[in-house]
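Convention: sequence-line order gives letters A, B, ...; per-chain numbering from 1.
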Amino acid sequence: MLQVSYIRENREEVLNRLAVKNFIRPELIDQIITLDEERRFVQNQMDTTAAESNALAKQIGDLMRQGKKAEAESVKANTAGLKDQIRDLGSKLTELEEKLQSQLIILPNLPHQSVPKGFGPEENEVVLEYGQIPQLPDNALPHWDLAAKYDIIDFELGNKIAGAGFPVYKGKGAKLQRALINYFLDKAGEEAYREIQPPIVVNEASGFGTGQLPDKEGQMYHIGIDNLYLIPTAEVPVTNLYRDVIVKEEELPIRNCAYTPCFRREAGSYGAHVRGLNRLHQFDKVELVQIAHPDESYKILEEMSTYVQGLLKELGLPYRVLSLCGGDMSFTSSKTYDMEVWCAAQARWLEVSSVSNFENYQANRLKLRFKGAEGKPQLAHTLNGSALALPRILASLLENNQTEKGISIPEVLIPYTGFNLID
RNA sequence: GGAGAGAUGCCUGAGUGGCCGAAAGGAUCAGUUUGCUAAACUGACGUACUGGCAACGGUACCGAGGGUUCGAAUCCCUCUCUCUCCGCCA
């Protein structure tokens with residue numbers, strides 16, 4: 001959520017930057033500014049009236065203590081009108097605040113200056129490409145066929161147990177998953193990320209804090225009886241660890257990582273592009289979450305991007321990095337890099353990581369602030385990135401590394417898998 | 001699922017109608033003293049909104065929301081959450 005004070009003081013800039021996200025609603029911005037003015041006016045009126053009433057109440061108290069009952073009664077007579085006034089002003093204020101809030105929540109985050117303008121994925125900027133695109137023989141198989149051939153992932157069994165989008169990993173497939181999780185967590189640990197095991201269900205307040213609620217309600221699985229949501233990403237619980245928290249400035253940056261299963265309803269899209277592991281209702285992911293000083297957050301965004309690329313290099317996967325254009329970026333993000341990995345048999349790029357700086361947009365919702373030795377608390381910046389999402393990594397490993405003998409396992413994973421070939 | 005207890009500032013914890021934005025202790029920070037460490041002493045030490053160039057003010061906040069009252073942390077109602085014991089269970 002953007003801060004009203006910022007909108008008020010930087011109207012033009014806000015309009016221009018929102019336009020990069022194709023959000024062009026000057027009338028909404030002006031309405032917000034007007035509402036804010038009204039709000040402050042009403043608040044002032046209420047405060048002065050309350051001050052008056054407090055003073056009288058105090059006077060009555062003093063008179064009562066001195067035993068001057070008659071005088072106290074006469075002062076009492078003056079308070080009657082004030083009470084009603086305060087009540088009226090109060091409800092007006094609440095009304096204005098709610099209206100203001102409901103409009104503020106419609107505004108997406110401001111994109112960073114470096115974010116390219118654009119409407120969709122075609123206009124994302126390719127920042128770099130790395131690695132050799134493997135040349136596969138003509139009889140190369142997509143990963144869903146490989147999964148069946150080597151009996152390592154069973155989509156049919158998943159259908160039986162839960163439904164489409166809930167695969168069952170078996171044997172070396174399950175082991176490879178576990179190897180990837182451990183490898184990712186160990187690497188993050190080496191980079192001084194603290195490992196967290198959060199709940200994988202969250203309450204409403206947490207969903208609101210990171211921006212999933214109220215608008216993206218349909219994307220999460222909801223446990224009605226307890227009013228809890230299955231997390232779509234570890235970002236939700238791990239970032240919410242710091243909801244309503246004021247951290248010490250010298251503690252920044254705070255680096256946490258977590259492995260969790262992630263659940264996404266993503267209802268309604270089926271077909272070749274979402275076949276196999278390409279899009280699932282449940283998948284595993286290791287997530288990095290950082291809380292940063294505003295002066296440092298963009299440096300940290302680059303570091304996170306570099307870190308994720310390092311993982312892909314070690315796994316030997318050809319990848320490219322995209323800087324998302326305004327139109328393709330999420331509602332809450334200021335700048336996002338997507339890492340896409342080449343899937344050789346499908347002959348397409350698949351997103352395996354998304355690294356974002358939210359600046360203070362989430363922090364404002366979360367009330368996540370930091371405070372130095374001097375001065376007032378200020379909103380921190382939050383960042384997160386997948387490092388990495390497993391299914392598409394798996395898909396790419398299977399497709400790119402297929403040989404006549406079987407699927408070869410990257411060097412770095414062998415200590416974790418205990419085998420070097422899936423056959 | 002059954003029974004009970006509770007929710008106060010960074011923490012512990014006092015406070016049952018006005019003198020309470022809130023005692024006391026601890027923690028933290030600054031200063032004084034001491035040969036260092038430690039200790040002792042002194043002072044500072046919530047958040048939000050708002051007025052003001054500032055100094056400095058105003059208002060609100062003692063789990064949340066309502067109510068009683070001139071006046072509520074304190075009384076009443078509703079809700080949420082936490083803890084303890086029993087039951088069930090990995």
Is any side-chain N or O of [X] closer than 4.0 Å to OP1 or OP2 of [N]?
X	N	answer
A/Asn54	B/rU59	yes
A/Arg369	B/rU47	no
A/Lys371	B/rU47	yes
A/Asn203	B/rC81	no
A/Arg87	B/rG67	yes

Out of [options], which has the shortest distance to the side chain of [X]?
X	options	result
A/Lys83	B/rU69, B/rG46, B/rU50	B/rU69
A/Gln43	B/rG58, B/rU50, B/rC49	B/rC49
A/Lys76	B/rU50, B/rC70, B/rA60	B/rC70
A/Arg39	B/rG58, B/rU50, B/rG18	B/rU50
A/Ala57	B/rG18, B/rU50, B/rU59	B/rG18
A/Met64	B/rU59, B/rG18, B/rU50	B/rG18

Original post:
Would a line drawn from the ring center of A/His281 to the ring center of A/Phe263 be shorter than 6.0 Å?
Top reply: no
**OP:** Step through it carefully: locate the ring centre of A/Tyr298, locate the ring centre of A/His112, and say whether they are under 6.0 Å apart.
**Re:** yes
Please state the [atom1] separation for the pair [N] and [M] - nearest whole angstrom.
N	M	atom1	value
B/rA14	B/rC62	C1'	13 Å
B/rA73	B/rG65	P	13 Å
B/rC76	B/rG17	P	12 Å
B/rU74	B/rC85	P	30 Å
B/rA5	B/rA90	C1'	28 Å
B/rU82	B/rA27	C1'	24 Å
B/rU8	B/rA23	P	16 Å
B/rC19	B/rA72	P	11 Å

Original post:
Distance only, no hydrogens: is a donor on one side chain within 3.5 Å (strictly under) of an acceptor on the other, for A/Ser334 and A/Asn357?
Top reply: no
Original post:
Would you say the side-chain atoms of A/Tyr150 and A/Asp423 include a donor-acceptor pair closer than 3.5 Å?
Top reply: no
Base, sugar-phosphate, or nothing: which does [X] touch, judged by heavy atoms less than 4.0 Å apart?
X	answer
A/Asn78	nothing
A/Lys248	nothing
A/Ile60	base

Base paired to [N] (Watson-Crick or G-U; both N/O distances under 3.5 angstrom):
N	value
B/rU47	B/rA60
B/rG35	none
B/rG71	none
B/rG65	B/rC77
B/rA22	none
B/rA55	none
B/rA3	B/rU84
B/rA27	none

Original post:
With a cut-off of under 6.0 Å to the ring centre and 45° to the axis, is A/Arg365 in cation-pi contact with A/Phe208?
Top reply: yes
Original post:
Are A/Lys172 and A/Phe419 in a cation-pi setup, meaning NZ or CZ lies under 6.0 angstrom from the ring centre and within 45 degrees of the ring axis?
Top reply: yes
**OP:** For A/Asp47 and for A/Asp62, find the nucleotide of RNA chain B with the closest heavy atom, then tell me which residue's nucleotide is more 5'.
**Re:** A/Asp62
Subject >> Closest-nucleotide ordering on RNA chain B, the 5'-leading residue of A/Lys58 and A/Ala50 >> reply: A/Lys58
Can you tell me the distance, in whole Å, between the [atom1] atom of [X] and the [atom2] atom of [N]?
X	N	atom1	atom2	result
A/Asp244	B/rU47	CG	P	14 Å
A/Leu63	B/rG71	CG	C1'	13 Å
A/Phe370	B/rU47	CZ	C1'	16 Å

Original post:
So, the side chain of A/Thr48 versus the backbone of A/Asn44: is there a donor-acceptor pair under 3.5 Å, distance only?
Top reply: yes
Subject >> Candidate pair A/Glu95 and A/Lys99, rule salt bridge (charged side-chain N to carboxylate O under 4.0 Å, His left out), full reasoning >> reply: CA-CA 6 Å; A/Glu95 195 187 311; A/Lys99 216 160 155 189; 5.4 Å; no
